[in-house]
Protein chains: 2
Amino acid sequence: MGRRSDHSRPELREMIVAEGHRQMLEVGFARFSAREVAKRIGYSIGTIYNVFGTYEGLILAINGRTLDLWRDYLEARLAGEHGDRLKRAVDAYFEFAVVNRHAWAALYDFRLPDDMEPPESYARQVTAIFEIVVAELVAVLPPERSEEAPALARSLLATVHGHCFFTMNGTFRILGETDPLAAALARVREAVRG
Amino acid sequence: MGRRSDHSRPELREMIVAEGHRQMLEVGFARFSAREVAKRIGYSIGTIYNVFGTYEGLILAINGRTLDLWRDYLEARLAGEHGDRLKRAVDAYFEFAVVNRHAWAALYDFRLPDDMEPPESYARQVTAIFEIVVAELVAVLPPERSEEAPALARSLLATVHGHCFFTMNGTFRILGETDPLAAALARVREAVRG
DNA sequence: TTTAATAATAGACAGTGTATAATTTGACGC
DNA sequence: GCGTCAAATTATACACTGTCTATTATTAAA
């Protein structure tokens, strides 16, 4: 039908990502379908292909949206907390994964082909979450250990992620872990203690 | 063509899992195809469906094979090591993931539908790896902390997994981590120190 | 009003997992 | 050896998928 006057390109892109993210939340990565996204916003599959080029491009955009929401969620949950901010951060990490189960899982279910690397925008979105953790660690570490913060943030993100992942994918249920949040927090505290 | 005299049911199952695992190693979960497995062993797709019931059943069998090989690898790498066995264990965890990149990733790329749970055989295969870690921790913890070993093993498996996962999926490259193995080992040592 | 460029689509292609009906095969009793 | 019966295997159809190209519809510019 050609150009629709009320949908300039950036707005169309936004429509697709919004609907795609909604569908990722509902059905998850394995059952996600670009065609279904197109159908729901009243466009044909070809349009999505025109805008994002490939399936990978679409998924990266949707996962990027999830990362943005995650960062926002972490910031919101930390705002105004003056007590145990590290605990609050770990809690928020888990909470987001639980509430956004499928979209969160899609961040890790999707892997780029071996020869591709993620666009710079995606790297920035990951880094934004990382920076939040760095800031929290700087606030809690003694000044003479400030330069440890970035390396520690990377390691503790991985640590908390591992606990969250095993919670979400059922590994901890198999192994009989009943309080993964406490376990993750214990590892965080040890590392900060040094 | 009917029954083939040289392929009783268990042997056919083994053929399919072996070829499926080979293909998982080569192309990974996203490009894995049950039809291609059937073609390569000279059977039709229907046969695979008859033996495994569903796609999920086939993938679970293949991932179970990967878990068995992982356990064997860990045991082999620990055998005869009388020095720093914890370091050796963490090394072996990473090594297996690197060498069996795609098959290892498939363990986590694949998620059962929300309403299904893994068969007991799969749970046992996961537990077998867990038990290796428990034994190593018991050996290194003071006797009065022995009963901590299972909980600590769960948490440290998650910790090492998180570091390994971020290494394999590119997150650590984005964040500039250059020695994830050392970071993982540092977390392990802190936790053992208590 | 014609022209050029852009936006969007329709349709084809080669795949996929799933499912069922039909066929081939092997083993057993006679 | 022959016919029977059940098990093993396949052929085929279905409704999907992501990808891609040629075509059409629409808008803006000349």
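What you are looking at is a predicted structure, and each value in this text was computed from that prediction instead of being measured. Per chain, numbering begins at 1; letters A, B, ... match sequence-line order. Computed over heavy atoms, backbone and side chain alike; hydrogens, waters and symmetry mates excluded.
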*Which word best sums up how the rings of A:W70 and A:W104 line up, parallel for under 30°, tilted for 30 to 60°, or perpendicular for over 60°?*
perpendicular
_Over 60° means perpendicular and under 30° means parallel, so tell me whether A:F165 and B:F165 are parallel, tilted or perpendicular._
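Rings of A:F165 and B:F165: tilted, as their planes differ by 30° to 60°.
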[X] side-chain proximity, nearest of [options]:
X     : options                : answer
A:Y43 : C:dT9, C:dT18, D:dT9   : C:dT9
A:I45 : C:dT18, D:dT19, D:dG18 : D:dT19
B:T54 : C:dA8, C:dT18, D:dT19  : C:dT18

Would you kindly give the [atom1]-to-[atom2] distance between [X] and [N], to the nearest whole Å?
X     : N      : atom1 : atom2 : answer
A:R13 : C:dA8  : CZ    : P     : 14 Å
A:I48 : C:dT9  : CD1   : P     : 10 Å
A:L58 : D:dT17 : CG    : P     : 13 Å
B:I16 : D:dA8  : CD1   : P     : 13 Å
B:R31 : C:dT16 : CZ    : P     : 13 Å
B:K39 : C:dG15 : NZ    : C1'   : 10 Å
B:F32 : C:dG15 : CZ    : C1'   : 15 Å
B:E56 : C:dT16 : CD    : P     : 17 Å

*How is B:S44 classified with respect to the nucleic acid when contacts are heavy atoms under 4.0 Å: base, sugar-phosphate, or nothing?*
base
*Across the strands shown, which category fits A:T47 at heavy-atom distances under 4.0 angstrom: base, sugar-phosphate, nothing?*
base
*Just wondering, more than 12 heavy atoms not from B:E117 lying within 6.0 Å of its CD?*
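Not buried by this count: 12 neighbours or fewer within 6.0 Å.
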_Is it true that, when you exclude B:R189 itself, more than 12 heavy atoms of the residues, nucleotides or ligands shown sit nearer than 6.0 Å to its CZ?_
yes
*Checking only heavy atoms, does the side chain of A:N50 share a donor-acceptor pair with the base of C:dA8 at less than 3.5 Å?*
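Under the 3.5 Å cut-off, the side chain and the base do form a donor-acceptor pair.
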*Output yes when A:R88 and A:E95 qualify as a salt bridge under the 4.0 Å nitrogen-oxygen rule, no when they do not.*
no
_Pick the closest DNA chain C nucleotide for A:R35 and for A:G46 by heavy atoms, then say which residue is nearer the 5' end._
A:G46
